[in-house]
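What follows is a short report on a single structure.
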Amino acid sequence: MLGSQLPLLIVLLLAGTVAKVSTVRSGGEPGGLSRLGPAALVPGRMQTLALLICAGGEVALAAGLLVTTHPIFRWGTVAFFALSTYVLLELRRRRPDAGCGCFGEVSAAPVGLRSIGRTLVLTGMAGLSAWAPVPGWQAVTHPSWLTAAGVVVLALLSPEIEELIDRVRFRAPCEQRRGPAESVTLARLKSSGTWRAHEGELTSAVPYDTWRELCWRFFAFRNHAQDDVVFAVYLSGRRPAVRMAVVSGEGSGSLPEYTPISA
């Protein structure tokens, strides 16, 4: 019973390792690593190293869980997922445009409550598994209904599944696909909590400008102080992330580079 989640922990750690190494080897889009945690939180020259260190830690923990019952691997896994939760919270606060990078470039969608919830669940799973009397390989060969239940919960908390389905359908990452129509994206913006929180500050509900950058569609409005209010809507997922920034209109006739400040 206590070891029922060990197979899931091992598989996810190995999947994370393979995905991160593949992302580093492929190189991805220019500047792509800067949009993936934990690389998004370190200087540019250290981004590749940060992903590789994370991948190395994951494969070491997976191997330890698989073949031993040593506490260092059990509690190390608890610490890893607890630290991952903290990193995701920091990403959501400091870099709301960045993805978690949990499974490489497939995890490029902005960090949301589902990703954070997943690491919390994995922390709990790892904590329960720390007391399991058998090594992971025995749990893998004798899965239980609790293992299947864990699969369902993690699937519901994994936005990467939607991205993988889209890649199978379109055979391209989000930034290379044709996005939904502008009217559809605007409707998604206006159904979001971010829009409702700031709608009363705007002079008009019709944007005076709109443009696309990578996997984001931007809509520019003006508030009553004549500042530019820029909303960004992620172009992938059924409930896309929405970000907002206020850009002072003083001293410039054009919008500077978008810096998200609100989720």
Side-chain angles (χ1 to χ4, degrees), residues 5 8-24 28-29 31-62 64-65 72-130 153-163 174 215-216 232 234 236-237 240-243 259-263:
Q5 303 307 314
L8 291 178
L9 296 173
I10 293 168
V11 168
L12 287 179
L13 287 169
L14 290 176
T17 299
V18 172
K20 290 180 179 68
V21 172
S22 297
T23 297
V24 169
E29 293 293 315
L33 293 185
S34 66
R35 300 193 299 272
L36 300 177
L41 298 178
V42 299
R45 64 183 182 277
M46 298 181 61
Q47 289 172 354
T48 297
L49 180 61
L51 281 180
L52 290 178
I53 289 175
C54 187
E58 287 176 312
V59 73
L61 290 173
L65 292 179
I72 192 172
F73 295 106
R74 298 290 176 85
W75 292 108
T77 304
V78 177
F80 175 81
F81 285 119
L83 180 61
S84 297
T85 303
Y86 170 76
V87 169
L88 293 189
L89 289 171
E90 280 295 290
L91 277 174
R92 187 173 171 85
R93 181 178 69 87
R94 293 169 52 185
R95 285 289 308 275
D97 60 316
C100 74
C102 308
F103 298 100
E105 62 179 353
V106 179
S107 301
V111 173
L113 296 179
R114 291 169 67 190
S115 297
I116 295 171
R118 180 176 60 194
T119 57
L120 285 172
V121 169
L122 288 169
T123 303
M125 288 180 174
L128 290 175
S129 300
V153 171
L154 292 177
L156 292 174
L157 294 174
S158 296
E160 291 86 358
I161 293 177
E162 297 172 8
E163 175 64 18
C174 175
C215 206
W216 295 87
Y234 199 67
S236 182
V242 176
R243 304 291 185 248
T259 303
I261 61 172
S262 177

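These values consider heavy atoms only, across backbone and side chains, with no hydrogens, waters or symmetry-generated copies.
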Would you say the side chains of Ser129 and Gln5 form a donor-acceptor pair under 3.5 Å? no
Would you say that Phe80 contacts Cys54 through its side chain, given a criterion of any heavy-atom pair below 4.5 Å between the two side chains? yes
Given side chains that start at C-beta, do those of Thr23 and Phe103 come closer than 4.5 Å, heavy atoms only? no
Within the 4.5 Å heavy-atom criterion, are Trp216 and Val242 side-chain neighbours or not? no
If you round to the nearest 0.5 Å, how far is CZ of Arg118 from OG1 of Thr85? 10.5 Å
Residues Glu160 and Cys102: closest non-hydrogen pair is OE2-CB, 4.4 Å
Grab the two heavy atoms, one from Phe81 and one from Ala126, that are nearest each other, plus how far apart they are. CD1-CB, 4.3 Å
Would you say Ser115's side chain and Val111's backbone share a donor-acceptor pair under 3.5 angstrom? no
Intermediate values then yes/no, side-chain contact (heavy atoms from CB on, under 4.5 Å), Leu9 and Met125: CA-CA 8 Å; Leu9 296 173; Met125 288 180 174; 4.2 Å; yes
Smallest heavy-atom separation, Pro110 atom then Arg243 atom, equals CB-NH2, 3.5 Å
Could you check whether any side-chain heavy atom of Leu154 comes within less than 4.5 Å of a side-chain heavy atom of Leu122, counting everything from C-beta outward? yes
Can you confirm whether Arg92 sits close enough to Ile116 that some side-chain heavy atom of one is under 4.5 Å from a side-chain heavy atom of the other? yes
At what distance, to the nearest 0.5 angstrom, does CG of Leu65 lie from CZ of Phe73? 8.0 Å
Minimum-distance pair of heavy atoms, taken over all atoms of Cys100 and Leu88: CB-CD2, 3.2 Å
Pairwise distance CG(Leu61) to CD1(Ile72) - rounded to 0.5 angstrom: 9.0 Å
Do Glu90 and Arg95 sit within salt-bridge range, that is, some charged N less than 4.0 Å from a carboxylate O? no
Please answer whether the main-chain N or O of Ala55 pairs with a side-chain N or O of Thr17 as donor and acceptor at a distance below 3.5 Å. yes
Mind checking the OG1-CG spacing from Thr77 to Leu13? Nearest 0.5 Å is all I need. 6.0 Å
With a 3.5 Å cut-off and no angle check, do the side chains of Arg114 and Ser158 form a donor-acceptor pair? no
Leu51 side, atom CG; Ser22 side, atom OG - distance, nearest 0.5 Å: 11.5 Å
When you compare the side chain of Val78 with that of Arg74, does any pair of heavy atoms fall below 4.5 Å? no
